[in-house]
Q: 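The structure's right below; bear with me while I get my questions together.
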Amino acid sequence: MSVPDYMQCAEDHQTVLVVVQPVGIVPEDQFFKIYKRIASVRQLSIRDSQRLLFIRYRHHYLPENNEWGDFQTHRKVVGLIAITTCSSSRDWPQTADRFHSQKDVYTSTLYDSRLLVFGLQGEVAEQSRTDMVFYPSFEECSDVERRVEDFVESIFIVLESKRLDRATDKSGDKISLLCVPFEKKDFVGLDTDSRHYKKRCQGRMRKHVGDLCLQAGMLQDALVHYHMAVELLRAVNDFLWLGGALEGLCSASVIFHYPGGTAGKAAGSKPSVSQPADAGKRHRPGAQEVLIDPGALTASGISADTSAEIGRAKNCLSPEDIIEKYKEAISYYGKYKNAGVIELEACVKAVRVLAIQKRAREASEFLQNAVYINLGQLSEEEKIQRYSILSELYELIGFHRKSAFFKRVAAMQCVAPTIPEPGWRACYKLLLETLPGYSLSLDPKDFTKGTHRGWAAVQMRLLHELVYASRRMGNPALSVRHLSFLLQTMLDFLSDQEKKEVTQSLENYTSKCPGGMEVITLPDGLTLPPVPFTKLPIVRSVKLLNLPISLQPHKVKGLLEGNLSNASPFIYSPILMQSRGEERCKKIDFQWVQGDVCEVQLMVYNPMPYELRVENMGLLTSGVEFESLPAALFLPAESGLYPVTLVGVPRTAGNITVNGYHTSVFGVSSDCLLEDLANVKSSGCLVEVIPSLPRLQLSTSLPRSTHSSQPMSKEELPSSVSVQLFNGESQQLTITLENIGSIDIETLELTSKINSSKEKVFGEFLSWDLEEAVCQLPLKPGQSITLSVRIRVKLDFSGQENLLQDLNDDGISVTGWPISSPLRQVLKPRPESKPLGSESGKAEYSHVKTLEAVLKFKYSGGPGKVEGYYRELSLGVHVNVEPSLFFTRVSTLPATSTRQCHLLLDIFNPTEHELTVSAKNNQDLVLHASECQRMAIQVDRFDFESLPQAEQQTLHFSSPKQLQEERQLAHGCQISSKLGICWSIISFCFLL
């Protein structure tokens with residue numbers, strides 16, 4: 001016997017073997033359809049008995065295995081069911097001859113046989129024969145199962161007669177010697193009258209009767225015979241048959257302890273139609289016999305009085321003893337070279353029992369012994385079967401990696417060099433089955449959870465083999481998928497050289513078959529999920545960027561407050577606040593605008609040892625229609641964190657979610673979702689897209705300024721202009737506004753704001769007339785309007801005192817005269833006058849002051865305006881103010897009229913130009929550079945008490961000091977308007 005039955009289990013020892021084979025030409029599908037119906041009769045309750053007969057069916061069985069039927073009766077073919085087709089009576093003789101020829105193959109062991117004939121009708125079919133059944137067709141055969149049951153009953157009758165014949169044979173001298181095939185030549189010439197020979201014959205016969213009792217459903221009798229056989233055979237050192245007796249003893253004990261079976265299925269199948277309905281409940285296999293005392297055996301095997309023996313099962317081995325006896329039996333089998341198949345099958349049976357007992361370590365020892373059993377020259381198919389079964393058994397006991405190892409060996413055996421036509425599909429299928437054993441999954445998501453599991457070196461070797469096998473199968477898409485999976489999941493374990501080799505191979509494959517995100521379905525139904533390259537490059541952070549400050553939308557305050565007021569009728573609600581908080585965690589606090597280019601910034605890293613080329617990189621979004629604008633990147637080798645900005649245009653309004661990005665690397669297109677990325681920082685990926693708004697662009701007549709706004713101003717200005725003026729000078733700023741968007745500008749407003757400064761500005765710093773521009777609205781796309789803004793700087797003109805010789809009059813210094821200098825009081829009094837020529841004096845009069853302001857254009861239109869949104873475009877105005885003239889001293893002299901007086905002004909020219917000063921009804925005064933002169937002006941006396949007082953003036957100020965300052969400012973403005981002092985440089989005249 002050279003071909004083992006790897007599906008053998010201990011409970012098979014209680015079955016009888018029936019071979020079902022086709023005779024002649026029988027359609028394969030029809031044969032297996034009938035075979036399945038026949039095999040459904042797996043057990044039968046014997047009439048007028050409480051015993052069950054179990055049947056094992058095979059559609060292919062080697063005759064040489066049948067020769068071992070005396071050694072173990074369950075290996076003996078006792079029944080033959082032949083299936084044939086015959087369409088006419090002329091073909092019937094030939095069909096009958098074939099059936100008889102088939103019987104001749106197993107004639108030495110057959111108990112009974114049947115021939116099922118399909119398609120024959122007429123006189124021949126009407127003949128009544130016990131060994132043949134005729135059916136008109138494969139569809140008209142409703143009583144096949146009943147015929148099989150009758151056939152099995154006939155087998156049981158023969159089996160029972162043989163058991164009784166052998167069991168009642170008390171003449172030891174007449175017992176024949178049972179032999180296995182290879183022993184027959186060894187026993188030629190032996191002394192058959194010796195006591196040793198007779199004991200050998202008795203022991204082997206006892207073992208044989210034990211087998212028959214076990215098949216006949218008499219478990220306790222079988223145990224008794226096995227025990228007796230063990231004693232007899234051990235005495236004569238008949239090791240092969242002693243091993244068989246021990247194995248039989250183990251099988252009977254296993255059947256008792258584990259009625260559910262050890263092969264992963266129920267020991268008894270569904271009862272047949274002739275079995276009583278409650279027979280399966282009242283009698284399990286061997287249940288009756290276990291209740292019978294071994295000493296109460298009779299010829300029929302049943303004691304007349306069993307009431308005192310209930311619950312006794314002396315001869316049954318314990319679960320621990322079963323394994324010990326299996327070890328002993330296998331050691332005896334190992335002494336015989338020709339008993340390799342018996343030894344291997346015994347190991348398999350022991351492993352199945354140990355798996356039930358959850359003794360994996362001992363089971364692995366049996367399997368390790370099975371690996372080294374030499375069965376001679378096996379065919380490649382037999383080797384594949386052997387390694388596959390070893391893999392299944394290791395899986396059964398929980399040795400998953402060992403199971404995967406033998407499954408992989410079987411896969412490599414499928415494509416051995418000695419095979420003329422290698423089975424690459426079978427190899428690929430077996431390799432896939434090894435993946436779980438090596439902690440390997442074809443789903444890349446399993447490799448983003450926690451630490452890496454399994455041996456990376458072995459996993460990479462297996463993935464390479466999958467790539468090669470799929471290529472030899474002629475499926476390049478599979479090769480690309482497995483190679484992509486290798487690069488994605490094993491990147492951290494690849495050396496620099498291996499990274500280059502893998503990527504080169506991947507590029508070669510994708511040049512013929514590009515990789516994508518489609519799910520690959522194999523013929524057996526297995527699906528391979530897509531493999532996105534989330535590590536090429538590695539993304540560390542994702543940040544949605546706000547629009548540029550000039551394009552950011554703003555909500556009309558009245559509408560915004562109205563929405564908030566309607567959100568809840570309560571001042572505070574913890575439930576509401578919690579829900580709003582959760583929404584804030586998901587939603588970003590700025591908006592994008594429909595039709596505008598929006599940006600998302602990624603911080604990426606190239607882990608490859610060479611430059612990485614990323615093509616077609618864009619955003620993956622959901623929620624609104626979004627046009628992604630792909631980009632191409634070239635990341636240097638091991639670049640470190642590298643900023644990448646991806647852009648796109650939302651085409652509709654609503655909420656948009658950035659789900660991830662897509663790339664094309666090495667010819668493989670990937671959709672990388674943020675939820676699948678590990679260790680990625682993100683401030684949120686949900687943003688609101690508001691309806692379209694117009695876009696405004698401005699240009700100015702003044703040059704752009706590179707000067708940044710003051711630190712105290714937190715507003716970022718997209719553009720600004722710069723101009724340099726003398727104190728008291730004016731400048732015209734022309735602004736051109738152009739609609740560069742696709743939406744009409746329907747509303748336009750202009751406001752200004754002066755940045756906080758220690759300098760006090762008198763009058764309007766910036767002034768304009770917007771009516772003409774507003775009349776041109778709505779402003780169509782591509783159209784422009786022009787607006788003039790007047791820049792006028794007027795700061796404090798007071799300066800250092802006593803630059804001229806004092807007059808003997810009632811003159812007072814500027815620092816003591818509040819009228820001429822509204823801001824004089826903020827200057828600290830000097831303890832002593834300094835000469836003009838001193839360095840500090842020069843620095844004070846040459847100091848350049850700075851003024852900054854912001855012009856804000858507020859505009860809206862289109863769908864965005866309907867929703868209450870607008871945009872702001874800001875223009876910064878930076879003015880450097882140089883000193884023009886200073887009043888260092890003011891004094892008065894009486895005039896000829898009591899209603900008038902002479903106002904004496906000491907005027908200093910700090911500029912480098914010649915300067916002319918003029919006043920109302922007075923001659924011009926010419927001042928050279930750095931010159932100080934006194935100017936006399938005849939004016940009417942002032943009566944400040946007669947100035948009108950605001951009725952609620954005191955309500956605007958919180959202290960008397962502020963009220964006093966405001967009154968001084970009003971007095972100064974009154975004096976300035978009456979004097980009308982102007983200065984000019986090169987024909988320019990400015991009013992103070």
Side-chain angles (χ1 to χ4, degrees), residues 443-445 447-449 480-481 484-485 487-489 491-492 503 506-507 510 514-519 529-547 586-588 590 592 594 596-608 611-636 638-652 654-689:
D443 190 351
K445 293 182 180 179
F447 288 80
T448 60
K449 306 170 184 176
V480 171
R481 180 59 52 86
S484 301
F485 183 85
L487 188 60
Q488 167 68 18
T489 59
L491 185 64
D492 297 337
T503 52
L506 184 57
E507 288 180 326
T510 54
M517 291 298 293
E518 66 279 357
V519 176
V531 181
F533 279 157
T534 59
K535 293 185 178 180
L536 296 172
I538 298 174
V539 176
R540 292 301 185 196
S541 67
V542 178
K543 182 180 180 181
L544 276 65
L545 301 181
N546 199 351
L547 294 173
K586 298 178 182 179
K587 199 170 185 178
I588 300 178
F590 58 77
W592 285 349
Q594 174 186 348
D596 285 1
V597 176
C598 304
E599 299 178 336
V600 177
Q601 186 182 71
L602 309 180
M603 298 301 293
V604 301
Y605 166 67
N606 175 20
M608 305 302 283
E611 184 181 58
L612 180 65
R613 180 179 181 182
V614 184
E615 300 176 343
N616 193 32
M617 190 171 188
L619 295 172
L620 297 175
T621 62
S622 63
V624 302
E625 183 182 349
F626 187 81
E627 179 185 357
S628 178
L629 305 178
L633 311 176
F634 292 89
L635 299 177
E638 299 178 351
S639 59
L641 288 180
Y642 192 88
V644 174
T645 302
L646 302 181
V647 299
V649 180
R651 295 302 181 186
T652 57
N655 289 330
I656 185 173
T657 302
V658 177
N659 299 320
Y661 59 93
H662 61 82
T663 61
S664 178
V665 181
F666 304 128
V668 178
S669 299
S670 303
D671 291 344
C672 306
L673 301 180
L674 297 182
E675 61 184 14
D676 297 334
L677 303 181
N679 303 322
V680 174
K681 297 180 180 179
S682 175
S683 58
C685 298
L686 176 64
V687 65
E688 180 185 4
V689 179

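Note that the structure is predicted; figures quoted are calculated from it, not measured. Keep in mind that the numbers below use all heavy atoms, side chains included, and drop hydrogens, waters and symmetry copies.
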Q: Starting at CZ of Arg613, measure out to OG1 of Thr663 and round the result to the nearest 0.5 Å.
A: 13.5 Å
Q: Do any pairs count as a salt bridge (charged side-chain N to carboxylate O under 4.0 Å, His left out) and have a residue in residues 666-687, sequence neighbours left out, and if so which ones?
A: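 Counting only pairs at least two positions apart or across chains, no salt bridge (charged side-chain N to carboxylate O under 4.0 Å, His left out) contact touches residues 666-687.
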Q: Is there a side-chain contact between Thr503 and Met608, using heavy atoms and a 4.5 Å cut-off?
A: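 With C-beta onward as the side chain, the pair touches.
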Q: Please tell me if the side chains of Tyr661 and Leu677 come closer than 4.5 Å, counting only heavy atoms from C-beta onward.
A: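 Yes, side chains in contact.
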Q: Considering only heavy atoms from C-beta outward, does the side chain of Leu536 approach that of Leu491 to under 4.5 Å?
A: yes
Q: Can any side-chain N or O of Thr510 pair as donor or acceptor with the backbone N or O of Phe666 at less than 3.5 Å?
A: yes
Q: Taking Arg540 for the side chain and Leu602 for the main chain, is one N or O donor matched with an acceptor at less than 3.5 Å?
A: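 A pair under 3.5 Å: no.
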Q: Evaluate the side-chain proximity of Ser669 to His662: yes if any heavy-atom separation is below 4.5 Å, no if none is.
A: no
Q: In this structure, are over 12 heavy atoms from other groups packed under 6.0 Å from Tyr605 atom OH?
A: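 Counting neighbours around OH of Tyr605, more than 12 heavy atoms of other residues, nucleotides or ligands fall under 6.0 Å, so yes.
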Q: Nearest 0.5 angstrom please: Glu615 CD to Leu633 CG, how far?
A: 10.0 Å
Q: Can you confirm whether Pro530 sits close enough to Val519 that some side-chain heavy atom of one is under 4.5 Å from a side-chain heavy atom of the other?
A: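 Yes; the side chains approach each other to less than 4.5 Å.
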Q: Are the side chain of Asn659 and the backbone N or O of Leu673 linked by a donor-acceptor pair below 3.5 Å?
A: no
Q: Does the Glu507 side chain pair with the main chain of Gly667, one donor and one acceptor, at a distance under 3.5 Å?
A: no
Q: What's the spacing between Phe590 CZ and Asn546 CG if we round to 0.5 Å?
A: 5.0 Å
Q: Say whether, by atom type as modelled, one donor and one acceptor occur between the side chain of Trp592 and the main chain of Leu545 under 3.5 angstrom.
A: yes
Q: So how far is it from Cys685 SG to Leu674 CG, rounded to the nearest 0.5 Å?
A: 5.0 Å
Q: Looking at Leu641 and Met603, what are the two nearest heavy atoms and their distance?
A: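 Minimum heavy-atom separation between Leu641 and Met603: CB-CE, 4.0 Å.
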Q: Any donor and acceptor pair, going by atom type alone, linking the side chain of Asn616 with main-chain N or O of Ser664 inside 3.5 Å?
A: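 The answer is no, because no donor-acceptor pair under 3.5 Å joins these two groups.
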Q: For residues Leu547 and Cys598, report the shortest heavy-atom separation together with the two atoms involved.
A: CD2-SG, 4.3 Å
Q: To check you understand the geometry: which heavy-atom pair defines the closest contact between Thr534 and Gln488, and what is its length?
A: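 Closest approach of Thr534 to Gln488: OG1-NE2, 2.6 Å.
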Q: With side-chain contact (heavy atoms from CB on, under 4.5 Å) as the criterion, how do Phe533 and Leu487 come out once you've worked through the C-alpha distance, each side chain's angles and the decisive distance to 0.1 Å?
A: CA-CA 8 Å; Phe533 279 157; Leu487 188 60; 4.0 Å; yes
Q: If we only count heavy atoms from C-beta on, is the Glu611 to Pro636 side-chain gap below 4.5 Å?
A: no
Q: Which distance, rounded to the nearest 0.5 Å, do you find between the CD1 of Ile588 and the CG of Leu686?
A: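 Rounded to the nearest 0.5 Å, the CD1-CG separation comes out at 7.5 Å.
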Q: Quick check for you: to the nearest 0.5 Å, what is the distance between Asn606 atom CG and Leu612 atom CG?
A: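 Reported to 0.5 Å precision, the distance equals 4.5 Å.
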Q: For the pair Glu625 and Gln594, evaluate side-chain contact (heavy atoms from CB on, under 4.5 Å) and give the outcome as yes or no after the intermediate values.
A: CA-CA 10 Å; Glu625 183 182 349; Gln594 174 186 348; over 6 Å; no
Q: Decide yes or no for Val689 and Thr652: does some side-chain heavy atom of the first lie under 4.5 Å from some side-chain heavy atom of the second?
A: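 No - every pair of side-chain heavy atoms lies 4.5 Å or more apart.
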Q: Specify the closest pair of heavy atoms between Glu638 and Pro607, including all atoms of both residues, with the distance to one decimal.
A: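 Minimum heavy-atom contact is CG-O, 4.3 Å.
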Q: Given side chains that start at C-beta, do those of Val539 and Cys672 come closer than 4.5 Å, heavy atoms only?
A: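 Of all side-chain heavy-atom pairs linking Cys672 with Val539, none is under 4.5 Å.
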Q: Would the distance check show the side chain of Ser628 and the main-chain N or O of Leu619 forming a donor-acceptor pair, the cut-off being under 3.5 Å?
A: yes
Q: Between Arg651 and Val624, is there a donor-acceptor pair closer than 3.5 Å when you use the side chain of the first and the backbone of the second?
A: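 Such a contact is absent between Arg651 side chain and Val624 backbone.
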